[in-house]
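We name chains A, B, ... by the order of the sequence lines, and we start the count at 1 in each one.
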Amino acid sequence: MLQVKVIREEKRRIANGLRKRNWTAKQIRILDQILEKDDQRRATQKALDDMLAENNRLSKQIGQLMGQGKKAEAEAMKAQVSAMKEETKQLEEQFNTLKTELEELLYNVPNCPHKSVPKGSGEEDNKVFKAWDGPLPALPENALPHWDLAKKYQLFDFELGVKLTGAGFPVYRGKGAKLQRALVAFFLDHAIKAGFEEVLPPLLVNEDTARGTGQLPDKEAQMYTFEKDNLYLIPTAEVPVTNILRGEILQEDQLPVKMTAYTPCFRREAGAWGAHVRGLNRVHQFDKVEIVQVEHPDRSYKTLQQMLGHVSRLLKKLELPYRILLLCGGDTGFASAKTFDFEVWSGAQQRWLEVSSVSNFETFQSNRMQLRYRDADGKIQLAHTLNGSALALARIVAALLENNQTPEGITIPKALQKYTGFKIID
RNA sequence: GGAUGGGUGGGUGAGUGGCUGAAACCAUCGGUUUGCUAAACCGACGUACGGGUAACCCCGUACCGCGGGUUCGAAUCCCGCCCCAUCCGCCA
């Protein structure tokens, strides 16, 4: 959520940012509505506070009169305060309404894209930030897509998942299951080596937590919900991990806070099915190792680049061809100011698959969850939050299987062999 | 799930209707003293929103788990919810 203060002081910049997200002039008028609503809110608060101050003053006097035994005077004053009560109540209701309305307006405004983010409406306007300059795997004509390889080598089973749960919940088996575990361990070890603290968070979160990172109210339809207990299954580890610091005021020298977590991720993906979603390309449950950083605003973009470096190293070690996209305004997530996507080449499908999304949210999340630090002058400031997948398993597995298929079997990249305990799937 | 007792500032913890935004102690920070360290002493020390000021700051309001209620006035009384501890039940 953007701060009203920022909208007021930098309305031009915010409006320009929204234009990059393809907002029309008409839509951008919401900024004026917000400022107007905030003016009303402040005026009402002033009136209410003055009223309450008067009430408090009189009440104190009543207490004193009572203490002095001046009962009649006290009673007269009581009547006076009682008379003001109705007006106070009205002001209070008005104030609460305005506050709620203001918040609802603010919930509709996405983050302002960073100045380096290109304008655009969708995928087609994303810029290739780093192209793949190496060779693509040379696979034979009859190369199998990963869903066929999975059948051939009994690595995972979708039909079985349907029996147990429903579509989009694969059951991994044998070397397929071991491969999952190996990748998780591989990713976690590298994150720990890069200075991230490993955490193993709950997979169910409450409403406050879902709100903190912006899943509520923006992306409610994306999450599985447990109405009876008022809990949500996490769509990414970002949600519980970033919220660890919700409401905290950190010391400046505690920044950056670096955390990593492996969790399964659950996504309803309602209405997202269609072409290109076979096999592991899109599933309701997948495993992911996430890296999260809470950083000083002055350093957050440098940190974003470092996170790109971290993910790049993982993909190099896995010997997967990859490219990095800088998302355009229209494709950048609601809460993000700047997002890079990583895509790996899926040899048999002959397409790039998104395996990681690395974002700087600036103060969009920290404002909502009041995640702050005390600067050198002792002033309290909102911290920047960042996160990235490092990495999401399902599609990595798809690419690994497809790209490494040989007549003898599927070879395992060298760096991964000590984790899998086998060099080939045959 | 049942019973009982609790949820107060960074921590411990006092506070049963007005003098309490909240004692005291600890921690932290600044100062005095000191050959250095320690100790002692003095002082500062919550957050949000709003108002005033160029700023240091000053003022107002709200917040003692969350939400509602009673009252001129609520940390304190009443109701609902959440959470924690202990015991019982169940159990990986």
Could you check how far CG of A:Leu382 sits from C1' of B:rU47, rounded to whole Å?
-> 13 Å

Atom CZ of A:Phe95 to atom P of B:rG51: distance rounded to whole Å?
-> 11 Å

Rounded off to whole Å, could you give me the CD-to-C1' distance for the A:Glu54 and B:rG73 pair?
-> 14 Å

Could you work out which one of B:rA62, B:rG50, B:rG18 sits closest to the side chain of A:Ile62?
-> B:rG18

Polar side chain donor-acceptor pair, A:Glu402 to A:Gln349, under 3.5 angstrom = yes

When rounded to whole Å, the NZ to C1' distance for the pair A:Lys37 and B:rG50 reads 18 Å

Between A:Asp50 (CG) and B:rU61 (P), how many Å, whole number?
-> 9 Å

From the options A:Lys379, A:Glu248, A:Gln381, A:Gln251, select the one residue that forms a side-chain contact (heavy atoms from CB on, under 4.5 Å) with A:Tyr373.
-> A:Gln381

Atom P, compared across B:rA74 and B:rG18: separation rounded to whole Å = 11 Å

Check every atom of B:rA62, B:rU47, B:rC56 against the side chain of A:Leu52 and return the nucleotide holding the closest atom.
-> B:rA62

Provide the distance between the two P atoms, one in B:rC25 and one in B:rG43, to the nearest whole Å.
-> 11 Å

Minimum-distance nucleotide to A:Gln45 side chain [options: B:rG18, B:rA48, B:rG50] | B:rG50

For B:rG21 versus B:rC79, give the span between their P atoms, rounded off to a whole number of Å.
-> 26 Å

Complementary nucleotide for B:rC87 - Watson-Crick or wobble, under 3.5 Å = B:rG2

Begin from the C-alpha positions of A:Phe187 and A:Leu391 and carry the test side-chain contact (heavy atoms from CB on, under 4.5 Å) through to its verdict.
-> CA-CA 7 Å; A:Phe187 294 145; A:Leu391 279 159; 3.8 Å; yes

May I ask you to say what A:Arg57 touches in the nucleic acid, namely base, sugar-phosphate or nothing, with a heavy-atom cut-off under 4.0 Å?
-> nothing

Determine whether the side chains of A:Ser357 and A:Asp341 contain a donor N or O and an acceptor N or O closer than 3.5 Å.
-> yes

Which one is paired to B:rG50, where only Watson-Crick or G-U wobble pairs with both distances under 3.5 angstrom count?
-> B:rC59

Remember a base hit wins even if backbone is also touched, and classify A:Asn56 as base, sugar-phosphate or nothing at under 4.0 Å, heavy atoms.
-> sugar-phosphate

Near RNA chain B, under 4.0 Å by heavy atom, which residues of residues 75-83 of chain A?
-> A:Lys78, A:Val81, A:Ser82

For B:rG18, the nucleotide meeting Watson-Crick or G-U wobble distances (both under 3.5 Å) is B:rC72

B:rC72, B:rU47, B:rG50: which one has an atom nearest the side-chain heavy atoms of A:Ser59?
-> B:rC72

Looking only at B:rG18, B:rG50, B:rG60, the nucleotide nearest the A:Ala53 side chain is B:rG60

Length of the line joining A:Leu65:CG and B:rG73:P, which is rounded to integer Å = 16 Å

For A:Gln254, does the CD atom sit with more than 12 other heavy atoms under 6.0 Å from it, leaving out its own atoms?
-> yes

pair_partner(B:rG80), Watson-Crick or wobble, both distances < 3.5 Å, evaluates to B:rC66

Hey, which of A:Phe158, A:Phe266, A:Phe169 is the one that makes ring pair (Phe, Tyr, Trp, His ring centres under 6.0 Å) with A:His284?
-> A:Phe169

P atom, B:rA27 versus B:rA40: distance in rounded Å?
-> 9 Å

Is a salt bridge present between A:Lys193 and A:Asp189, judged by a nitrogen-to-oxygen distance below 4.0 Å?
-> no

Within 45° of the six-membered ring axis of A:Tyr153 and under 6.0 Å from that ring's centre, is NZ or CZ of A:Lys175 located there?
-> no

Tell me: CG of A:Asn96 to C1' of B:rC63, nearest whole Å?
-> 14 Å

Using the P atoms only, state how far B:rC83 lies from B:rU71, rounded to an integer number of Å.
-> 32 Å

Nearest-nucleotide wise, let me know which of A:Asp38 and A:Ile249 is further upstream toward the 5' end of RNA chain B.
-> A:Ile249

Could you check which nucleotide pairs with B:rG30 in any of the strands shown, counting Watson-Crick or G-U wobble with both distances under 3.5 Å?
-> B:rC42

Taking a pair to mean Watson-Crick or G-U wobble geometry with both distances below 3.5 Å, B:rU12 pairs with B:rA24

Looking only at atom P, what distance separates B:rU32 and B:rA48, rounded to whole Å?
-> 31 Å

Please report, rounded to the nearest Å, how far the P atom of B:rA48 is from the NZ atom of A:Lys99.
-> 14 Å

Partner of A:Asp39 by salt bridge (Lys or Arg N to Asp or Glu O under 4.0 Å), out of A:Arg42, A:Arg41, A:Lys37 = A:Arg42

Check every atom of B:rC49, B:rA48, B:rA62 against the side chain of A:Arg41 and return the nucleotide holding the closest atom.
-> B:rC49

Nearest-nucleotide 5' precedence on RNA chain B, A:Leu58 against A:Leu48 | A:Leu48

For atom C1', what is the distance between B:rA3 and B:rC63, given to the nearest Å?
-> 33 Å

Euclidean distance for C1', B:rA39 against B:rU12 (whole angstrom) | 23 Å

For a salt bridge (Lys or Arg N to Asp or Glu O under 4.0 Å) with A:Asp38, tell me which candidate from A:Lys99, A:Lys5, A:Arg8 qualifies.
-> A:Arg8

